[in-house]
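As structure tokens, the structure follows; a few thoughts come after it.
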Protein chains: 2
Amino acid sequence: MFKKIILGVKFMVGVAVLGHGVVGSGVVEILLKNKELIKARSGDYISVKRVLDILNFDGLSYSNIFTKDFSDILNDKDISIVVETIGGLSPSYSYVRKCLEAGKSVVSSNKELVAEKGYELLNLAKQNGSSFLFEASVGGGVPILRPLQTCLAANNISSVEGILNGTTNFILTKMFQEGYSFEESLKLAKSLGYAENNPEADIKGLDSVRKICILSGVAFGKMVRPEEVYVEGIDIVCVEDVEFASSINCVIKLIAKAELRSGGFVSVIVCPMFLPSSNKLCAVDGVLNGIAIKGDAVGEVLFIGPGAGKFATASAVISDIIDIVRYGGKGVPYMLFNSNNFSISNFKENSFSFYFRLKARDVNSLKEVKSYICANLKAPVFLKRKNQPELELAFKTEYMLEGEVLYFEEELEQFNIVKESKIRIASC
Amino acid sequence: MFKKIILGVKFMVGVAVLGHGVVGSGVVEILLKNKELIKARSGDYISVKRVLDILNFDGLSYSNIFTKDFSDILNDKDISIVVETIGGLSPSYSYVRKCLEAGKSVVSSNKELVAEKGYELLNLAKQNGSSFLFEASVGGGVPILRPLQTCLAANNISSVEGILNGTTNFILTKMFQEGYSFEESLKLAKSLGYAENNPEADIKGLDSVRKICILSGVAFGKMVRPEEVYVEGIDIVCVEDVEFASSINCVIKLIAKAELRSGGFVSVIVCPMFLPSSNKLCAVDGVLNGIAIKGDAVGEVLFIGPGAGKFATASAVISDIIDIVRYGGKGVPYMLFNSNNFSISNFKENSFSFYFRLKARDVNSLKEVKSYICANLKAPVFLKRKNQPELELAFKTEYMLEGEVLYFEEELEQFNIVKESKIRIASC
């Protein structure tokens, strides 16, 4: 089924694209535009035979290949690779399953599908001798999953850490560079098309959670489920926090981190963090994504680039198609390993340095809470900003266990204060 | 020859390592240390059967596999992959040719060999159904050649630009961060083992030239020969230049750049450049390497990591071995294309903004040359530094063609001055 061979000449690989949105249309356009280049690099012409979408797209040069009927694709024996760019679980999950069961290879840009069903779909592909690849599901156009599985394959990976969501990174960058509030930055992001109308999955960190789950699977062979990840969104970040961060030469970024701990534990967290200016991810601004990988042989490597966008994401999708063609349509030997060697670490045993911002209700309470902090925390550092209100108190702590911090926060409740912010501080 | 299959069980891939220096010994150590991991990821156990070196290495746990006789490796049918880490052209070139002719695959970390003979050796591998891979020859541990050939395969690449030499980057970083002179920084680099006793290939830019030639081959399918590349070393950079660069928020880096120009030309240059602080490569400090790639679909992606070092380089070498094993020992379908579509551009037609530093022999000459510059250059910007000597003049130009600049320099000879520095300025 994969390719017709006539007198030894390879003869066109048939591809279908599910969903003609931003990514799907980008895939079709690049496959058409760079047809000869892609043929030279994959060894075969790649032809888009069908596009599935519930909408009509009249007037396109390839309007004739649209269908609303999935079975037109499933039953077409000349289609050996199906690209899924619909997003969400329904109907994507059932479509992808059916394609894999029919022996077709599937390439997906759908992080929800991969984070929730990736392991199952990889096994299904394996059973059917086909491939399930999803480079575009993390980092958009940034090469990351394949380099992890190929270029870094000699390494025990110890941590994966990055800025995985361009929308929130754009918002935080504007808050730092222009002094905008969260709401102003979000509005700008929407007006530029960087944020969706309902941006909750980005803002609240769920998008980054899905991506770090996928990275954890590929890097450690440990599929972490999204609901197992501790997550905080960027909506907790205020202009005041931006000012305090700046006062100690930090920026704030939404960091997703998965780390291998001793004893076979994986720790995974997504939250805004203070990054000191010496941290390599500081330079990752605007809609860029950046991912740092640590391995026992290589040390640390860093990948930076466009984490979203029509053609950047299409670039990643098509790299998967090309790989499948190069491997002659057989299963490409990359996979998520679902090892049972690792467990999720107890969140309370993670440790960080923390930044706190409090507001006292009166001067006396301010004095009391300050005394308590000095007496009970190891070497707290009090922070200052311009025009700081008299009753505001901000400080950073030494490294503390999450469990210790929770206890400290409970103790704070005895004072006549409001806890306004608590943000973790990353190391260099 | 590639693998023995007994009752369907894959059974060990035999590897030999030529040269037991820094890289070669790192390869052997990681193959031993991460044996099970590498087996899980490649699908096969990889066994180092022989190590070739002219020296004796008694007391190692694997002393018994050393040989001084290359034919022990060439004639061993159980060795299907040979790793070449000797460096230089002789005897590497003849050894690699013989291995490929015998149907063995070869992995090399030798940038001189790849830059000089890469195209020929790739063709030889192809003829013999084997592979010639060299990820470690550029960027040390940084994944770059394979991502270019796989993850970015859907893209027309328009430029490749980077810091490709860790030694010179360390020296320049120390000049900026510590105010050291070039000689002091070089001395420190030697004492830390970052610079060789004879560091000329690094300092004068030849190492970077070889690497940008390899990158050009992979990115554009155009093998540029090292002698075709315009090159300046970092020994032209003085403390005064560091101060002027800092005064306009720039750092100086040794930049290697290959760019596709309209009309089918490739422009390649290696030289120190002023980088504005907004340039992404500014953060690439110390012994790190950083490479930025522009493609028509992806936009720009950036790869940063350790450009040298025993285990980082071994990580890249072993990634090639794993790829060969995954492809079942057949030729992996990556290659340098030697397209005839491109020619080397005329150097004089490249354009840059330039920084100049002059010393006048007397006050009158200073005035005269300044008047000449104001009258003959478009919008020159004169620069200032602390404690600037009275007779020193520094300025930057608008974009000018290299040809125009050469003419301008000739004209300067009529004045009673000494031209002390001329350094190109990169864009953001």
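Letters A, B, ... are given to chains in the order of the sequence lines, protein chains preceding strands, and every chain is numbered from 1. Owing to the predicted nature of the structure, the values given are computational and were not obtained by experimental measurement.
Note on A:S315, A:G295, A:S278, A:G140: by heavy-atom pairs under 4.5 Å with chain B, the leading option is A:S315. Put simply, of B:G290, B:G26, B:C151, B:S319, the one with the most heavy-atom pairs under 4.5 Å next to chain A is B:C151. The candidate from A:D296, A:I318, A:I38 with the greatest count of non-hydrogen atom pairs under 4.5 Å with chain B is A:D296.
Contacts between residues 298-307 of chain B and chain A, counted as heavy-atom pairs separated by less than 4.5 Å, involve B:V298, B:E300, B:V301, B:L302, B:F303, B:I304, B:G305, B:P306. Contact residues of residues 280-287 of chain B toward chain A are B:K280, B:A283 (heavy-atom distance under 4.5 Å).
A donor-acceptor contact shorter than 3.5 Å is absent between the side chain of A:D320 and the backbone of A:V107. Not a single donor-acceptor pair under 3.5 Å links the side chain of B:S130 to the backbone N or O of B:S105. Looking only at distances, no side-chain donor or acceptor of A:S109 sits under 3.5 Å from a matching main-chain atom of A:A136. A donor-acceptor pair under 3.5 Å is formed between the side chain of B:K211 and the backbone N or O of B:L164.
Heavy-atom distances place the side chain of A:N34, and not its backbone, under 4.5 Å from chain B. B:N155 touches chain A through backbone and side chain together, each having a heavy atom under 4.5 Å away. Interface remark: B:A314 contributes no atoms to any contact with chain A (heavy atom separation under 4.5 Å). With a threshold of 4.5 angstrom between heavy atoms, B:L288 approaches chain A through side-chain atoms but not through N, CA, C or O.
Between B:E29 and B:K310 a salt bridge is recorded (basic side-chain N to carboxylate O distance below 4.0 Å). A salt bridge does not link B:D44 to B:R326: none of the charged side-chain nitrogens sits closer than 4.0 Å to a carboxylate oxygen. For the pair A:E178 and A:K174, the salt-bridge criterion is met [side-chain N within less than 4.0 Å of a carboxylate O].
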Quick one: do B:N156 and A:L37 satisfy side-chain contact (heavy atoms from CB on, under 4.5 Å)? Show the steps, please.
-> CA-CA 8 Å; B:N156 285 294; A:L37 176 86; 3.7 Å; yes
Would B:I322 and A:T150 satisfy side-chain contact (heavy atoms from CB on, under 4.5 Å), going step by step from the backbone distance to the final call?
-> CA-CA 8 Å; B:I322 292 175; A:T150 59; over 6 Å; no
Mind running side-chain contact (heavy atoms from CB on, under 4.5 Å) on B:L145 and B:S137 for me, showing each step along the way?
-> CA-CA 9 Å; B:L145 298 183; B:S137 67; 4.0 Å; yes
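Classification of the A:Y327-B:Y327 ring pair by plane angle, with boundaries at 30° and 60°, yields parallel.
Contact of the B:K126 side chain with the B:L122 side chain is not registered, since no non-hydrogen atoms from C-beta on lie closer than 4.5 Å. Using a 4.5 Å cut-off on side-chain heavy atoms (C-beta onward), A:V15 and A:S47 make no contact.
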